[in-house]
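Report on one structure; see the data block that follows.
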Amino acid sequence: MSTAPAAAPDPFEGDDRQYSPTRLAGWLQEVNGPDRTCPEQLTRTQLAGLSSRALAVHNDVREVWHANIGPIDTPQLLALHADLREIVEANRQDGNKTKPAALVDAHPGLGKSTAVRAYACDLFHRQVSLRGATTPAGDRRVPVIYIALSGNTQIRGLNAAICRFYGLPVKGDADTLAERAVDAVLSMRTVAMVIDDIHFLAGSKSNSVRMANQLKYLSNVFPLTLIYVGVGVQERGILHEGFEPGNSPLAQFGRRTTALTLAPFLVADEEGRRQWRLLLKTIEHKLVLADTYPGMLAEDLSDYLFARSTEHFASLMALINRGCLRAIRTGAERLDEELMDTVKNDAAAEQARQELSAAIAAGLLTTRPAERRRSA
């Protein structure tokens, strides 16, 4: 007598959230998506008692959790958010007045885009909570939008990116697209627009005047606060528009824009060392490994992680995420130097780590606060 084959288990999609925040649907998913639930912390004995299917599901959940830790409320992030709130919320000028803009200009890998998007999500929620999810005309309220530029973007391409975000047609010249985008801004009551990778408008230093003119055009056309995010934008001369420093008062864009930044983690003084330790303790508390323990990062790997990440938050999080993945898949279930030495990090961090590692080994640099050094 034949028997029917066993039914295959139901497919497990996991909690991967694939979307683009440069489209309205994706941006709404980022803004309104539920907080992730921390996976259950299991012991090695409990892991061993799981079926192969249950273990695969548990590990999948842990892996996506570790890949999405953050944003973390570091002192740098909180200071940036306070500055952005002050700029954006002071911009209550009528439509016939130009609203000052903000420029978040910092080195790559410091988490500036993540920090600005976190502020944008908070602003979105506060606006909807105060004014409602729909406008008086019955349209969806979209208080903040997010777009990112690509290389060599021109005015038409920038306006097209805004229209594409709102789901509007992208046919027509730059002026037609601008009018279409402005109508969407007004109907959806958008109060702030984040434009990421703004340095792609700049090209070289010789193009600072062209870039400034493009951004002045935006501030004149759109009745909202523009929040630019970029790398090395000020170095290209954008804030003085090609004028000599002595003639910088003639630079109109510089008068309309407040420059902000996001600093790397520095451990040259006690305050910096305390902040680094607090960051590692916060991350450590979020890791879901069977053999994790207090001090795994903040004590035993503090100097090591600083050298491997070279003061950059994005490099640190990538290193820890990959380390956790390796710890799960090898069964190590903890992070230590031996395991982390097998984990590759981004090229910039790997190239810069030697100097920091040498300074730490020679006793010229430490990440440990004085009270921790004394207790050790």
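Along the sequence shown, residues carry numbers from 1.
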Min side-chain heavy-atom separation [X]-[Y] under 4.5 Å:
| X | Y | value |
| --- | --- | --- |
| Val144 | Gln127 | no |
| Thr135 | Met188 | no |
| Trp65 | Asp15 | no |
| Tyr146 | Glu30 | no |

Exercise. Identify the heavy atoms of Thr330 and Leu339 that sit nearest to each other, and give their distance.
Key: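 Closest approach of Thr330 to Leu339, heavy atoms only: OG1-CD1, 4.1 Å.
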Self-check item: Val231 versus His199, closest heavy-atom pair with distance
Solution: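 That would be N-ND1, 3.0 Å.
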Measure the [atom1]-[atom2] distance between [X] and [Y] for me, rounded to the nearest 0.5 Å.
| X | Y | atom1 | atom2 | result |
| --- | --- | --- | --- | --- |
| Asp183 | Tyr166 | CG | OH | 10.5 Å |
| Arg62 | Leu325 | CZ | CG | 10.5 Å |
| Ile72 | Met317 | CD1 | CE | 4.5 Å |
| Leu335 | Tyr293 | CG | OH | 8.5 Å |
| Leu364 | Thr366 | CG | OG1 | 11.0 Å |

Quiz prompt | Worked check of side chain to side chain contact (heavy atoms under 4.5 Å, CB included) between Leu47 and His58 | solution = CA-CA 9 Å; Leu47 290 175; His58 178 68; 3.6 Å; yes
Would you say [X]'s side chain and [Y]'s backbone share a donor-acceptor pair under 3.5 angstrom?
| X | Y | value |
| --- | --- | --- |
| Ser20 | Gly26 | no |
| Asp105 | Gly232 | yes |
| Arg180 | Lys171 | yes |
| Glu284 | Met296 | yes |
| Arg322 | Val343 | no |
| Trp276 | Pro369 | no |
| Asp336 | Glu338 | yes |
| Asn220 | Lys216 | yes |
| His66 | Gly323 | no |
| Glu350 | Ala347 | no |

Quiz item: Got more than 12 heavy atoms from elsewhere within 6.0 Å of NE2, His125?
Solution: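 For His125, atom NE2 is crowded (more than 12 foreign heavy atoms under 6.0 Å).
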Self-check item: Neighbour count >12 (heavy atoms, 6.0 Å) for atom CG, Asn96
Solution: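 Atom CG in Asn96 is packed in, count exceeds 12.
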Self-check item: Test log, rule salt bridge (charged side-chain N to carboxylate O under 4.0 Å, His left out), inputs Arg44 and Glu333
Solution: CA-CA 8 Å; Arg44 280 187 175 274; Glu333 291 293 338; over 6 Å; no
Exercise. Apply salt bridge (charged side-chain N to carboxylate O under 4.0 Å, His left out) to Glu270 and Arg273, showing your working.
Key: CA-CA 5 Å; Glu270 281 298 293; Arg273 289 189 280 270; 2.7 Å; yes
